[in-house]
Amino acid sequence: MAAKANELVLFPSWEVECEAWDNADGQNCRAICPLPHSQLDNILVSREEVERYDKISCRDRFEEIKHLLSTEEAWILTALLHITGGSMVNSSLWDMIRSQALMSYDPPNFAPIWTTFKLRQGQSALAGAMFQDAGDNGLQYVFQTPVKSIVERSNVVTVTTHAGREFRARRVVSTIPHNVLHTITFDPPLSPTRQEAITMGHINYMTKIHADGDGVTPSGRAHIVGFGKDERATFVPERNPEKAVDAFQKLHPMEVNKMIFHNWNTDPWSLGGPAWWPPEFMTKYQEELQSRHGRVFFASADWAHGWQAAIDGALEQGSQAALQVVKEIREMRGVMARF
Ligand SMILES: Cc1cc2nc3c(=O)[nH]c(=O)nc-3n(C[C@H](O)[C@H](O)[C@H](O)COP(=O)(O)OP(=O)(O)OC[C@H]3O[C@@H](n4cnc5c(N)ncnc54)[C@H](O)[C@@H]3O)c2cc1C
């Protein structure tokens with residue numbers, strides 16, 4: 001696998017990635033993750049085997065295979081890992097394995113699965129259409145209203161906001177992300193296992209910056225997207241945008257005309273990017289995070305079965321919670337109608 005520096009071009013990044021992360025079980029992850037939407041509960045692989053792999057960090061795997069890599073390949077691999085928004089040590093290999101399984105066990109599928117097809121009018125149009133549909137079906141809503149506590153008493157759940165407003169319901173579906181949940185008080189308290197998972201949080205503190213630059217391509221204008229790992233201690237983009245411009249210019253001489261970014265790490269509604277987990281987290285906490293707490297459902301992409309940390313995962317968790325709530329409300333109405 002090792003290439004000389006000037007041969008790097010012969011090794012597309014996906015080949016390096018394939019050997020390093022995705023071939024972890026020698027079968028492109030088919031053996032260890034045959035059903036990515038059922039990682040823990042399938043008849044093809046034992047839970048103990050999954051737990052064994054889930055203990056491995058990306059650093060562990062890197063140490064295992066680094067003798068196969070040229071300096072440049074090792075560098076590419078380390079850079080690719082920034083997609084987790086964490087470090088090599090606190091990023092679990094399992095999230096890489098699951099991602100590989102979702103790409104039909106073949107990294108070149110990344111393009112057709114992730115980037116080839118777009119919504120013609122963009123993601124905002126999808127969100128807008130869902131919102132419109134919910135509104136047409138009687139949705140009432142408030143925005144910019146942070147929740148302070150969620151209390152269940154006598155079959156009723158009361159959600160109280162920081163401004164003191166109260167909302168009562170027979171069922172509540174919370175979409176509050178993993179890293180924000182620690183700011184909410186629950187009564188009755190959450191299980192010790194869920195509390196532990198919430199206190200640990202996830203490890204994705206990524207930076208994603210779009211830049212328009214001149215001088216990168218022969219045609220002049222180029223749009224570049226840069227991803228960075230967890231650098232909260234040394235770099236807060238909105239406080240120091242010049243540092244981001246410097247980084248782009250180190251990559252290639254260019255004039256940066258415009259940058260666009262949103263800092264998910266300092267945003268109080270997310271306190272991090274979409275969830276990537278540390279070693280041992282999935283096998284210890286995924287089922288608990290997905291479970292209900294009395295009459296409260298937790299529907300976040302952060303702990304979806306398959307497309308964790310993706311829009312499909314949000315749809316999966318939201319649909320599951322909605323179907324269960326509808327079922328229970330119908331049953332309740334049926335019981336009430338009989339009396
Ligand atoms: C930069 C970036 C790029 C991404 N790219 C992709 C991609 O290409 N493809 C893809 O599929 N996914 C992508 N994702 C991930 C995807 O956007 C998320 O996983 C998904 O939108 C999460 O949906 P959700 O419903 O679980 O959470 P969210 O959409 O985050 O909804 C959570 C809601 O809870 C609210 N909330 C938070 N705290 C409180 C509180 N205290 N009180 C009341 N409300 C609160 C928030 O305001 C928000 O409305 C990306 C994410 C980021 C950050």
Side-chain angles (χ1 to χ4, degrees), residues 13 16-17 20-21 56-63 66 69 71-96 98-99 110 114-115 176-183 197-213 216 222-282 300-303 308-310:
S13 62
V16 180
E17 194 187 348
W21 312 121
I56 304 170
S57 72
C58 286
R59 165 62 69 189
D60 296 335
R61 178 66 179 152
F62 182 79
E63 293 299 323
K66 69 179 180 193
L69 306 172
T71 310
E72 290 76 14
E73 287 168 337
W75 185 88
I76 286 182
L77 198 54
T78 310
L80 280 172
L81 183 71
H82 292 170
I83 193 71
T84 72
S87 70
M88 296 266 267
V89 175
N90 71 9
S91 301
S92 76
L93 179 68
W94 185 264
D95 271 350
M96 298 292 164
R98 179 180 47 79
S99 305
F110 179 84
W114 274 90
T115 58
I176 293 171
H178 188 169
N179 280 4
V180 182
L181 272 174
H182 72 90
T183 66
I198 291 170
T199 305
M200 282 178 73
H202 68 72
I203 56 101
N204 185 348
Y205 293 102
M206 65 173 191
T207 310
K208 179 181 178 184
I209 300 182
H210 294 256
D212 279 342
V216 185
H223 183 88
I224 300 170
V225 186
F227 288 88
K229 60 179 178 176
D230 181 1
E231 290 184 331
R232 285 168 297 158
T234 52
F235 179 46
V236 181
E238 63 271 33
R239 286 195 211 136
N240 195 356
E242 294 79 15
K243 198 167 171 180
V245 174
D246 281 352
F248 279 119
Q249 285 170 341
K250 274 189 194 129
L251 209 61
H252 193 284
M254 71 178 92
E255 191 169 329
V256 176
N257 300 324
K258 187 166 89 176
M259 284 197 309
I260 300 176
F261 57 84
H262 178 84
N263 192 337
W264 303 96
N265 305 328
T266 50
D267 182 332
W269 308 98
S270 56
L271 297 177
W276 286 75
W277 285 339
E280 278 197 285
F281 197 97
M282 191 281 285
S300 168
D302 284 350
W303 44 78
Q308 179 189 316

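Only heavy atoms go into these numbers, but all of them, side chains included; no hydrogens, no water, no symmetry mates. Throughout, numbering of the chain's residues begins at 1 and tracks the sequence.
S99 pairs with exactly one of W276, W94, F110 by the side chain to side chain contact (heavy atoms under 4.5 Å, CB included) rule, that one being W276. Exactly one of N179, N263, N265 qualifies for a side-chain hydrogen bond (donor to acceptor under 3.5 Å, both in side chains) with Y205. That residue is N179.
Qualifying side-chain hydrogen bond (donor to acceptor under 3.5 Å, both in side chains) partners for E280, counting only residues two or more places apart in sequence or in other chains: none. With sequence neighbours left out, the side-chain hydrogen bond (donor to acceptor under 3.5 Å, both in side chains) criterion links S270 to no other residue.
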Anything under 3.5 Å between a donor and an acceptor, one on a side chain of residues 248-259, the other on a protein residue two or more places apart or in another chain? List them.
| residue | atom | partner | partner atom | Å |
| --- | --- | --- | --- | --- |
| Q249 | NE2 | M254 | O | 3.0 |
| N257 | ND2 | D214 | OD2 | 3.2 |

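Here the shortest heavy-atom pairing between V89 and S57 reads O-CB, 3.4 Å. Annotation for S300 and I176: closest pair CB-O, 4.3 Å, computed over non-hydrogen atoms. Considering every non-hydrogen atom in both H210 and H223, the closest pair reads ND1-NE2, 2.9 Å. Nearest heavy atoms, H182 versus L271: NE2-CD1, 4.0 Å.
Looking at heavy atoms from C-beta onward, I203 lies in side-chain contact with T84 at the 4.5 angstrom threshold. In this structure the side chain of R98 reaches within 4.5 angstrom of the side chain of Q308, judged on heavy atoms. The side-chain heavy atoms of F62 and L77, taken from C-beta on, include a pair separated by under 4.5 Å. Between L93 and P279 there is no side-chain heavy-atom pair separated by less than 4.5 Å. With contacts defined as side-chain heavy-atom distances shorter than 4.5 Å, the pair C58/M96 qualifies. Counting heavy atoms from C-beta on, the side chains of K208 and V225 come closer than 4.5 Å. S91 places none of its side-chain heavy atoms less than 4.5 Å from the side chain of R59.
The aromatic rings of H178 and F281 are tilted relative to each other, their planes meeting at an angle between 30° and 60°.
For H202 (side chain) and N204 (main-chain N/O), a donor-acceptor pair under 3.5 Å exists by modelled atom type. Listed for the D95 side chain is no donor-acceptor partner under 3.5 Å among the backbone atoms of S92. N90 contributes no side-chain N or O that, together with a main-chain N or O of P278, makes up a donor-acceptor pair within less than 3.5 Å.
M88 contributes atom CE, which lies 4.5 Å from atom OG1 of T78 (distance to the nearest 0.5 angstrom). Remark: F235 CZ to T207 OG1 distance equals 6.0 Å, nearest 0.5 Å.
A donor atom on one side chain and an acceptor atom on the other are found under 3.5 Å apart for E238 and T266.
Taking the charged nitrogens against the carboxylate oxygens, K243 and D246 have no contact shorter than 4.0 Å, which rules out a salt bridge.
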